[in-house]
Amino acid sequence: MTILVTGATGNTGRPLVAALRERGADVRAAARRPGPGGVPFDWADPRTHTPALAGAEAVYLVPPPLTLDPMPLVGPFLAAARAAGVRRVVLLGSLAELPGAPGVAELGRAVRSFPEWVVLRPSGFMQNFTGAHPVAAGIRERGEIRSATGQGRLGWIDAADIAAVAAEVLSAPGPVAGEHVLTGPEALGYTEAAAVIAEVTGRPVRHTPAPVAELVARNVAAGMPEPFAAALVGVDTAIAEGREDRVTDTVHRLTGRPPRPFRDFASAHRTEWTTP
Ligand SMILES: NC(=O)c1ccc[n+]([C@@H]2O[C@H](COP(=O)([O-])OP(=O)(O)OC[C@H]3O[C@@H](n4cnc5c(N)ncnc54)[C@H](OP(=O)(O)O)[C@@H]3O)[C@@H](O)[C@H]2O)c1
């Protein structure tokens, strides 16, 4: 089976490509700047879609980033996928629902219209604490996580565990269909996550409450369009209200091994927060 992986350079796409290649699958890693064995793919350039889809039977779909309305770009792509003979689509969705984004639900419905479909709905990524993410920058620069989540908790998940589930469902021989809520092994608030990072780095890290307007401005400064930046902060409110406080056994059930705990992830990434 030929599998097209979009977002192949990203948090889930990169480990997914590696996992599928390890299984001997015929993987097509789609990226704006493709590496060896990859194909050029840009959501904003539909001319790249049909060549990337030619001969593919399955697609891992990472929607275009930073938009509340993915359908203008993804709708024509899914039509081209259907015409190319794609049978199985695995969508990277989200447990959190972005407020004011009906197009996201529409995308879920479009994916469900394929003969075989899976919608992955992961909780917050542990990777948000690393790299260029504003949460990571705050820890590095000030030893501080600012949020509007209060004491609300969520089941942080390592993106590699999402990729492991995606590899299972993309390479499963039989028909697949369903929605999977994916979490790590425990729910933690930012206060507890900050304590873990402080412990593994030996430097003080605290979680402090921030007004919504400050967080929206922070996201805009990080390069997000304002409507998307505001919707993302809306998720903080849902977390504060306990709506994301959920842990599932899905990663263990589908991959045969338990998901990575946050402490383990933080220990492995401690230099993220100790080097400027
Ligand atoms: N972060 C979280 O906590 C979280 C939680 C639940 C769900 N999610 C979902 O996970 C998804 C991925 O989020 P992420 O933050 O981890 O991002 P990511 O997958 O690490 O990065 C985005 C990917 O999209 C690619 N990309 C960007 N612009 C593109 C374009 N115009 N055409 C084609 N590809 C493009 C990037 O590749 P290049 O830049 O190399 O081209 C990269 O591979 C999002 O849909 C998000 O809703 C995230």
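Atoms within a ligand are numbered from 1 in the order they appear, just like the ligands themselves. The structure displayed is predicted, hence computed values, not measured ones. Start at 1 with the first residue, then count along the sequence.
- Residue N128 approaches ligand 1 through these ligand atoms, each under 4.0 Å from one of its heavy atoms: 1 (N), 2 (C), 3 (O).
- Annotation: G7 places an N or O atom under 3.5 Å from an N or O atom of ligand 1; distance criterion only.
- For A31, no heavy-atom contact with ligand 1 is shorter than 4.0 Å.
- Under the 4.0 angstrom criterion, atom 22 (C) of ligand 1 counts as lacking any protein heavy-atom contact.
- Other residues, nucleotides and ligands place more than 12 heavy atoms under 6.0 Å from the CD atom of E192.
- Ligand 1 is never approached by G13 to a heavy-atom distance shorter than 4.0 Å.
- Taking a 4.0 Å cut-off on heavy atoms, G124 registers as neighbouring ligand 1.
- Under 4.0 Å from ligand 1, not a single heavy atom of A30 appears.
- Screening T2, L53, L91 for a side-chain contact (heavy atoms from CB on, under 4.5 Å) with V59, the sole residue that qualifies is L53.
- Of the listed residues (D158, D249, D161), just one forms a salt bridge (Lys or Arg N to Asp or Glu O under 4.0 Å) with R257, and that residue is D161.
- Considering backbone and side-chain N/O of T12, none are found under 3.5 Å from N/O of ligand 1.
- Checking F41, F125, W43 against atom 13 (O) of ligand 1, the nearest heavy atom belongs to F125.
- Within 6.0 Å of CZ in R246 there are 12 or fewer heavy atoms belonging to other residues, nucleotides or ligands.
- Residue L92 approaches ligand 1 through these ligand atoms, each under 4.0 Å from one of its heavy atoms: 10 (O), 11 (C), 12 (C).
- Remark: atom 44 (C) of ligand 1 lies closer than 4.0 Å to no protein heavy atom.
- Under a 4.0 Å criterion applied to the non-hydrogen atoms of P65, ligand 1 contributes the atoms 27 (C), 28 (N).
- Under 3.5 Å, the side chains of R33 and T9 contain no donor-acceptor pair of N or O atoms.
- The residue from L66, T9, I157 that puts a heavy atom closest to atom 42 (C) of ligand 1 is T9.
- A salt bridge links E179 to R121: one of the charged nitrogens lies within less than 4.0 Å of a carboxylate oxygen.
- In this structure, R140 forms no cation-pi arrangement with W273, as its terminal cationic atom is not both closer than 6.0 Å to the ring centre and no more than 45° off the ring axis.
- The protein does not reach atom 47 (O) of ligand 1 closely, with no heavy atom under 4.0 angstrom from it.
- For the pair R88 and F114, the NZ or CZ position fails the cation-pi test of under 6.0 Å to the six-membered ring centre and within 45 degrees of the ring normal.
- Under 3.5 Å, the side chains of T255 and E168 contain no donor-acceptor pair of N or O atoms.
- For the residue pair N219 and E226, no side-chain donor N or O sits within less than 3.5 Å of a side-chain acceptor on the partner.
- Using a cutoff of 4.0 Å between basic side-chain nitrogens and carboxylate oxygens, E57 and R87 are not scored as salt-bridged.
- Heavy-atom contacts of N11 reach the following atoms of ligand 1: 14 (P), 16 (O), 18 (P), 19 (O), 20 (O) (cutoff under 4.0 Å).
- Between G10 and ligand 1, at least one N/O pair is under 3.5 Å apart.
- At least one heavy atom of S123 sits under 4.0 Å from some atom of ligand 1.
- Numbered from 1 in the order shown, with element, the atoms of ligand 1 that lie under 4.0 Å from a heavy atom of P63 read 45 (O).
- A donor-acceptor contact closer than 3.5 angstrom is absent between the side chains of R270 and T201.
- Atom 27 (C) of ligand 1 is flagged as protein-proximal [any protein heavy atom, distance under 4.0 Å].
- The ring pair (Phe, Tyr, Trp, His ring centres under 6.0 Å) contacts involving residues 192-211 comprise Y190-H207, where partners must be two or more places apart or lie in separate chains.
- What sits closest to atom 7 (C) of ligand 1 on the protein, heavy atoms only, is G93 O, 3.3 Å.
- Closest to atom 41 (O) of ligand 1, if we only count protein heavy atoms, is R32 NE, 2.7 Å.
- The backbone and the side chain of D42 each have at least one atom closer than 4.0 Å to an atom of ligand 1 (non-hydrogen atoms only).
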